[in-house]
Structures are given as structure tokens and as C-alpha cells.
Amino acid sequence: MRAAIIDKPGSVRVGNVPDPTLNPDELLIRVGACGICGTDLHIADGEFSLARYPIVPGHEFAGEVVEVGRNALQGFGPRDPKVTVGTRVAVEPNLYCGHCEFCRTGHENLCLNYAAIGVTVSGAFAEYVTVPAAKAYVLPEHLSFREAALIEPISCAVHGMHRLNPRSGDAFLIVGAGAIGLMLLQLALRGGASKVAVVDLNTQRLERAKKLGASDTQTDINKLFEDEPLGFDCVIDATGVAPAIEGAFAAVKRGGKFMVFGVAPQEARISLSPFRIYNDEITVEQRRN
Ligand SMILES: [Zn+2]
Ligand SMILES: [Zn+2]
């Protein structure tokens, strides 16, 4: 079958790979749509140390079940009738070991034995992909594959908002108006934010943020202080760029919360003032998938 392959950092090509073979507990999916995540770019650039090469990337996807493994969905009772050949599904790409301390205490996303479809095992930039049956979620009729490919990233954004746990009426600042920043903007507004300012260097992205309800959009973060001299209750970095993260931290109000959402290269470093974190009672949060 055809697939996109990252042979090693810096080398991406489209070529042929062997058709996937189905394990008894897996589903074979014909890929309908797959999103390009910032993480894919980091994998292509060799900036994501968890990746294994060569790799077929692609972890934000949806498609149609074309084969059901012998034991898949079997459990101890009859086979789950909801998933069969032809069922349209979205897929959770993270593969947890189930036996480390974190898996056993309900923090599977912090699993010590991290693996993921499209990062450590073949992903969905291919005609077909195999997935554990337990990771497939049936799609409602009205969602297209393209829309459903956004379920994975928006799930990450929802998890981030749960961790941030804002109060109703909080003023937000989101730095970075890429796909994730724009999702966080919409979640913040629906979650009761009084206003959401958005910063990005790209004015086209800011236009989109404005359309989605951003109260203020700026290319220069310092301009925001004219309207919000005390800063923002909740500040989220959605860039993963070290200087942007440092700039965002400066905009956190006393008693406010700061979330590092963007994925920075692993060796990147930032400089934050511990005195400010102490003196201004700033909560620093972060999220993983
Ligand atoms: Zn992603
Ligand atoms: Zn684990």
C-alpha cells in the first residue's frame, strides 16, 4: 500500500510499504482522513525523542473498519455489534502499557512505556492502519472523516482545559493561533471566559481568531498590557516556542494560571522567575496527550 514514510529525521517520502497484518485483537481501518499535527513536524525534524524510525506518521485520523480481528471486541460476551465491517470510527492513538504505576492509578497518559500509533508504530498517513479494537470510537452519521480527524486534537485541548480548571469569568490569553490555539479559544469561550485575547505573528491566523470570537488580537504581546495592565487570569502557550513561552508567562495576572500546551523541542529551555511564581501565586500547569 501507499504511505508517507519518515525514514529518519529530515527524510520524508511517499512510497510503498507492506500491507499491515491484523492481530486478533485489532481492527483494520481504511483511512478516511488524517490531520498533520505539530508533533508530526517535530518527528520529521528529529525533535521528538519518543519517535521510532522509520515511521509512517499520522495519529489524528478517522476511517472505516474493513476487517475485524478474530478476538476483537469479543470480551466474555457476544461480539460488540456496534463495530463491524463498514463502521466509521475515530481512533485514540496512545497505546498504554496497562501495568506501570501510572496506568494502574488512572494516569494512563503518563505511562512509563509510552507507545502511540504514528509515533512508535505505523500511523495513518497510509491507505490502511491497524488499531487495537479498544481504541476505536464509533462516529455519528453527521461527522465527516475530515471533521472526525479533529477529535484527537480537540480531546487534548479538552484535557488541557480540565487541568487548567478556569473560573467562570476568567480573562484568557492564548499565545499561538494555530489549530490548537483556535480550539482552545473556542473551548475557553464556551467554558465561560469573559474574554479571550490571542497573540500570533501571523495576521491571517489572527483574522480567524477574531472570527471565532477573540476579544483582542495582537502580533505584539506587549500591546495587550494597554488594556489589561494587570495581566490575564489564564494564559496558555500554544506555540511550543521558548521565547513565546517566556513572553506569555509575563502576561499572567497575580493569582493566575499559566499552561504550557505547545510541544517544545525536548532540549529547549526557558527562564522563568521563581520569585514571581511565589510572590504572585502563579499556578504553572502543563498537559500531555
Ligand atoms: Zn497531535
Ligand atoms: Zn503504563
Side-chain angles (χ1 to χ4, degrees), residues 3-6 9 12 25 29 31-53 55-63 89-126 129 131-132 134-137 139 143 145-163 174-187 205 236-241 259-266 268 286-289:
I5 305 140
I6 303 175
V12 186
D25 63 342
I29 310 286
V31 178
C34 182
I36 299 175
C37 177
T39 302
D40 296 315
L41 306 180
H42 287 305
I43 294 171
D45 289 340
E47 293 173 341
F48 198 67
S49 66
L50 301 170
R52 299 275 169 276
Y53 302 94
I55 184 78
V56 174
H59 60 268
E60 303 178 351
F61 64 101
V89 295
V91 176
E92 204 240 288
N94 301 303
L95 306 170
Y96 312 123
C97 77
H99 56 75
C100 74
E101 174 171 337
F102 299 97
C103 283
R104 292 194 173 215
T105 52
H107 301 99
E108 290 92 341
N109 64 327
L110 303 179
C111 176
L112 291 173
N113 303 298
Y114 174 87
I117 298 167
V119 182
T120 61
V121 300
S122 288
F125 282 123
V129 60
V131 308
K135 299 289 180 179
Y137 291 81
L139 293 177
L143 274 190
F145 286 141
R146 282 173 68 99
E147 290 165 329
L150 289 166
I151 291 175
E152 193 274 346
I154 204 163
S155 303
C156 295
V158 167
H159 174 60
M161 292 302 272
H162 284 160
R163 286 189 57 80
I174 295 170
V175 179
I180 289 286
L182 295 177
M183 283 182 196
L184 289 165
L185 160 66
Q186 294 167 83
L187 290 175
R205 287 177 165 192
I236 306 177
D237 172 75
T239 70
V241 176
M259 170 169 275
V260 177
F261 195 102
V263 181
Q266 208 155 348
Q286 57 303 115
R287 72 87 220 182
R288 263 194 72 178
N289 291 331

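Atoms within a ligand are numbered from 1 in the order they appear, just like the ligands themselves.
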Verify, without hydrogens or angle tests, whether His59 (side chain) and Ala116 (backbone) share a donor-acceptor contact under 3.5 angstrom. no
Short question: side chain of Arg163, backbone of Gln286 - any donor-acceptor pair under 3.5 Å? yes
Of all the atoms in Cys156, is at least one N, O or S atom closer to the Zn ion (ligand 1) than 2.8 Å? no
If you stand at the Zn ion (ligand 2) and look out to SG of Cys97 and SG of Cys100, what angle do those two lines make, to 10°? 110°
Distance check below 2.8 Å: does His99 bring an N, O or S atom to the Zn ion (ligand 2)? no
For the residue pair Leu95 and Lys135, establish whether any side-chain heavy-atom pair is separated by less than 4.5 Å. yes
Is the backbone of Ile43 close enough, under 3.5 Å, to the side chain of Asp40 for a donor and an acceptor to pair up by distance? no
For Glu60, the N, O or S atom at the shortest distance from the Zn ion (ligand 1) is OE2
